[in-house]
2 protein chains.
Amino acid sequence: MDECIPVMNTGLRGVDVASSKICNVLGKEGKLIYRGFLIEDLARHATFEEVCFLLLYERLPKKQELADFQESLKQKRRVPENIFSFLKTLPPDMSPMDVLQMATPLLIQTDKTIGQPGIENTLYSAENLIAGIAIITAAWDRIRNKKEVISPDNTLSHAANFLYMLTGDIPDDETSHFFDTSLVLHAEHSFNASTFTARQVASTRAHIYAAISAAIGSLSGSLHGGANVKVMKMLMEIGSAEKIDAYINNVLNSGGLIMGLGHAVYQTDDPRAIILAPMSKRMGQIAQQPLWYELSRELEQKGKAAFKAKKQREIYSNVDFYSASLFYAMGIVTDLFSPVFAVSRVSGWAAHVIEEQFAMAAPKPSLYRPGAAYVGDYCGPDECVFTDMDDR
Amino acid sequence: MDECIPVMNTGLRGVDVASSKICNVLGKEGKLIYRGFLIEDLARHATFEEVCFLLLYERLPKKQELADFQESLKQKRRVPENIFSFLKTLPPDMSPMDVLQMATPLLIQTDKTIGQPGIENTLYSAENLIAGIAIITAAWDRIRNKKEVISPDNTLSHAANFLYMLTGDIPDDETSHFFDTSLVLHAEHSFNASTFTARQVASTRAHIYAAISAAIGSLSGSLHGGANVKVMKMLMEIGSAEKIDAYINNVLNSGGLIMGLGHAVYQTDDPRAIILAPMSKRMGQIAQQPLWYELSRELEQKGKAAFKAKKQREIYSNVDFYSASLFYAMGIVTDLFSPVFAVSRVSGWAAHVIEEQFAMAAPKPSLYRPGAAYVGDYCGPDECVFTDMDDR
């Protein structure tokens with residue numbers, strides 16, 4: 001396959017490795033589509049549970065189907081007690097992402113379908129993961145802060161229950177709605193690194209818990225899930241509006257980037273950023289800390305103008321730019337930003353695992369097994385001669 | 001990159017995604033090379049620890065370097081007590097691969113280098129993983145069988161200590177040597193699925209524990225790590241020499257495969273199989289169960305002849321074909337075959353993580369982020385219209 005040599009060392013950028021019916025990202029138009037539906041419509045009209053159903057079952061649920069699905073997720077909020085007991089023995093400074101990656105395979109304990117073939121069993125496991133990962137994320141934050149783990153409240157939605165189990169307070173409707181919408185916005189984004197990891201692990205016919213745990217590991221990397229954390233750190237570093245010009249100048253002169261402005265795929269504003277911005281503004285008002293939204297907005301406007309003027313480059317806000325200030329205003333600490341991403345994205349990962357294992361276009365089960373160009377030059381063109389220890 | 005369309009839905013088979021100095025597999029010649037050295041030379045002359053050094057440090061160690069490396073690995077045999085306590089709370093039927101994937105990030109607890117940049121810190125972590133994964137594998141098998149966890153014996157090599165911690169008995173020299181050689185043979189094999197997973201997770205700049213845990217998840221899939229388990233099940237199903245002809249006929253008539261004969265890369269005998277066969281034979285004698293080797297040998301000879309005669313196809317034994325009977329004669333139960341593979345392969349995975357993070361040919365850090373062809377056809381060429389719940 002000589003015509004494919006440009007693949008090498010490009011991180012597979014621009015290379016279509018599979019066909020997929022889950023998600024379409026139209027970078028030029030700034031469109032994000034889950035299973036045929038524009039993200040704007042889903043964010044406006046659908047709850048996270050409804051989007052989970054859409055991603056997993058390939059269509060919008062009817063009223064009773066959604067009610068059943070919500071109930072099914074609630075029943076899966078029972079996370080094994082031994083997980084909580086064990087989390088209490090871990091060092092409190094252990095990264096929430098490491099805890100989440102570790103704890104994900106433990107959710108198998110409440111899954112009687114494991115080892116049984118069939119898409120319906122994997123769908124059951126997917127629901128178990130969507131419910132369980134939210135609970136472990138909230139519980140670990142309580143445990144590391146020496147607080148009691150809160151029991152789930154089954155009168156609450158997935159989003160509201162997460163905030164309740166995290167903070168101990170039932171969130172007001174607006175906060176709950178904003179968090180729900182954030183989960184909708186982060187649920188899916190085609191073959192990004194963590195999704196590709198999930199599919200790759202699933203392609204070996206490992207079960208969905210193994211695949212999702214691996215995806216969490218992938219998301220924990222600073223080049224992937226850590227982007228909105230970097231945005232928040234940048235906002236804190238800037239600290240006040242009068243320092244924005246100097247910050248932008250410094251970035252321009254050092255050839256650096258403004259975190260959260262620019263995206264590998266979108267060549268216009270990320271549609272999710274457009275939805276997140278007003279939520280960040282309003283959440284700042286509710287939380288009585290308008291500063292972070294205001295800094296973000298001014299940084300965006302001035303940054304865009306400066307890059308256009310001095311570098312003749314258009315830059316656009318991405319999903320991380322306003323989710324940082326939004327999550328922060330909700331009282332979510334920065335090292336939970338990536339876990340919260342996982343709380344949402346587990347739905348997309350699960351859809352991809354199911355597609356990989358049950359609906360791939362490939363004629364028979366096949367795993368991802370690329371090649372590599374061997375460039376070892378240890379002993380020239382020949383193999384090395386093994387020398388005795390004393391002769392080295 | 002239109003010329004790369006054939007990549008799609010082929011599992012990246014034959015596509016070089018990166019350059020690498022770690023391993024070369026020459027399928028036609030039946031050569032396997034680690035860092036310039038033929039596997040035959042390494043199997044004959046080097047211990048597993050020596051091969052780990054070679055993989056991690058890119059050259060054979062001098063005498064004192066090897067002594068220091070062995071000592072360093074021994075010092076890392078201290079696995080946190082809370083892991084063992086927790087394993088005792090898990091259901092005994094939990095898969096050892098799930099336990100291993102889950103427990104791997106927990107080894108972070110004894111790693112003070114986590115979060116610090118620099119190749120030397122990742123090398124420290126790699127040693128911690130090589131030591132720790134062996135111990136968790138042995139400990140889980142003890143715990144699930146309601147036996148006491150054995151403390152490591154630092155007079156023993158990595159291979160002998162593993163068998164000691166697994167069985168409670170110090171192995172004889174020959175058994176210990178065979179197991180050590182098996183670890184050498186399984187240590188590395190270029191970009192197979194689990195190694196690609198490790199590199200992919202590492203490419204996001206996740207730490208090595210996240211990457212190795214993910215790789216274990218990948219290896220747990222039945223298309224990847226489960227092959228020698230299937231060989232052993234096949235041998236048990238055949239059960240006696242007089243049933244071999246009927247078994248082969250049945251396979252030929254049903255268009256099936258003989259497990260362990262045939263490999264995606266080698267077009268001749270897998271060089272590892274050639275080394276494993278006599279070890280399996282001798283181990284069968286030591287264990288006084290010569291049957292499994294004898295069945296394997298006869299199945300190989302008759303199977304090769306039958307495929308040539310009736311299908312005009314050459315088939316060759318692969319690494320799984322004789323490792324099954326070898327491990328079984330050592331008293332390793334079949335569901336530990338894949339964990340034992342991980343005990344060895346962690347060395348190769350670690351070398352690949354280090355290469356991905358510190359020595360990639362790419363000009364700057366970059367993660368694997370392929371594309372996918374969207375083939376969703378939910379609402380024809382247009383986006384779907386979001387309908388109210390009551391109208392669905």
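Treat the numbers as computed from the prediction; the structure is a model and nothing was measured.
- Ring planes of Phe196(B) and Phe196(A): perpendicular class, angle over 60° (limits at 30 and 60°).
- Neither the backbone nor the side chain of Asp93(B) comes within contact range of chain A; no heavy atom of the residue lies under 4.5 Å from a heavy atom of that chain.
- Counting heavy atoms from C-beta outward, Tyr368(A) and Val17(B) have side chains that stay 4.5 Å or more apart.
- In terms of heavy-atom pairs under 4.5 angstrom with chain A, the leader among Gly376(B), Gly217(B), Ser218(B) is Ser218(B).
- Nearest approach of Ser19(B) to Val375(A), heavy atoms of both residues: CB-CG1, 3.9 Å.
- Using a 4.5 Å cut-off between heavy atoms, Tyr378(A) touches chain B through its side chain atoms alone.
- Chain A forms more heavy-atom pairs under 4.5 Å with one residue of Arg59(B), Met94(B), Glu50(B), Met97(B) than with any other, namely Glu50(B).
- Listed options Gly225(A), Gly115(A), Ala215(A), Ala206(A) were ranked by heavy-atom pairs under 4.5 angstrom with chain B; first place goes to Ala206(A).
- Using a 4.5 Å cut-off between heavy atoms, Val385(B) touches chain A through its backbone atoms (N, CA, C, O) alone.
- Contact tally against chain A (heavy-atom pairs below 4.5 Å) for Ser222(B), Cys379(B), Ala46(B): the top residue is Ser222(B).
- With values rounded to the nearest 0.5 angstrom, Asp382(A) atom CG is found 10.5 Å from Leu38(B) atom CG.
- With a 4.5 angstrom heavy-atom cutoff, Pro61(B) touches chain A via backbone and side-chain atoms both.
- The choice from Ala103(A), Ser85(A), Ser213(A), Pro80(A) that makes the most heavy-atom pairs within less than 4.5 Å of chain B is Ser213(A).
- Put simply, the side chain of Gln101(B) never gets that close to the backbone of Pro105(A): no donor and acceptor are under 3.5 Å apart.
- Although no hydrogens or angles enter the test, the distance criterion places a donor-acceptor pair under 3.5 Å between the side chain of Arg13(A) and the main chain of Leu367(B).
- With respect to chain A, the highest number of heavy-atom pairs below 4.5 Å among Ile22(B), Asn82(B), Asp41(B) belongs to Asn82(B).
- Ion pairing between Glu65(B) and Arg392(A) fails under the 4.0 Å rule for side-chain N and carboxylate O.
- The two residues Thr204(B) and Ala193(A) have their closest heavy-atom pair at CG2-CB, 3.9 Å.
- When all heavy atoms are compared, the tightest approach of Gln109(B) to Thr89(A) is OE1-O, 4.4 Å.
- When heavy atoms are compared at a cutoff of 4.5 Å, Ile33(B) approaches chain A solely by way of its side chain, counted from C-beta outward.
- The aromatic rings of Phe37(A) and Phe386(B) sit perpendicular, their planes meeting at an angle over 60°, well past the 30° parallel limit.
- Exactly one residue among Lys63(A), His45(A), Lys62(A) makes a side-chain contact (heavy atoms from CB on, under 4.5 Å) with Met389(B). That residue is Lys63(A).
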Mind running side chain to side chain contact (heavy atoms under 4.5 Å, CB included) on Ser220(A) and Arg205(B) for me, showing each step along the way? CA-CA 8 Å; Ser220(A) 74; Arg205(B) 270 52 199 171; over 6 Å; no
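- Between chain B and the residues Ser190(A), Gly221(A), Cys23(A), the largest count of heavy-atom pairs under 4.5 Å involves Gly221(A).
- No part of Ala202(B) comes within reach of chain A, as not one of its non-hydrogen atoms sits under 4.5 angstrom from that chain.
- Residue Tyr374(B) touches chain A through both its backbone and its side chain, counting heavy-atom pairs closer than 4.5 Å.
- Considering CD1 of Ile114(A) and OG of Ser95(B), their distance stands at 9.5 Å, rounded to 0.5 Å.
- Heavy atoms only, all atoms of each residue included: Ser203(A) and Leu223(B) are closest at O-CD1, 3.5 Å.
- Using a 4.5 Å heavy-atom cutoff, the side chains of Glu383(A) and Lys31(B) are in contact.
- Rounded to the nearest 0.5 angstrom, Ser194(B) OG and Gln200(A) CD are separated by 9.0 Å.
- Between chain B and the options Ala211(A), Ala214(A), Gly36(A), the largest number of non-hydrogen pairs under 4.5 Å is found for Gly36(A).
- Taking chain A as the reference chain and counting heavy-atom pairs below 4.5 Å, the highest number among Leu66(B), Leu219(B), Leu90(B), Thr195(B) is found for Leu90(B).
- When each of Val265(A), Thr104(A), Asp98(A), Thr387(A) is checked for heavy-atom pairs under 4.5 Å with chain B, Asp98(A) comes out on top.
- For the options Asn24(A), Asp388(A), Val201(A), heavy-atom pairs under 4.5 Å to chain B are most numerous at Asn24(A).
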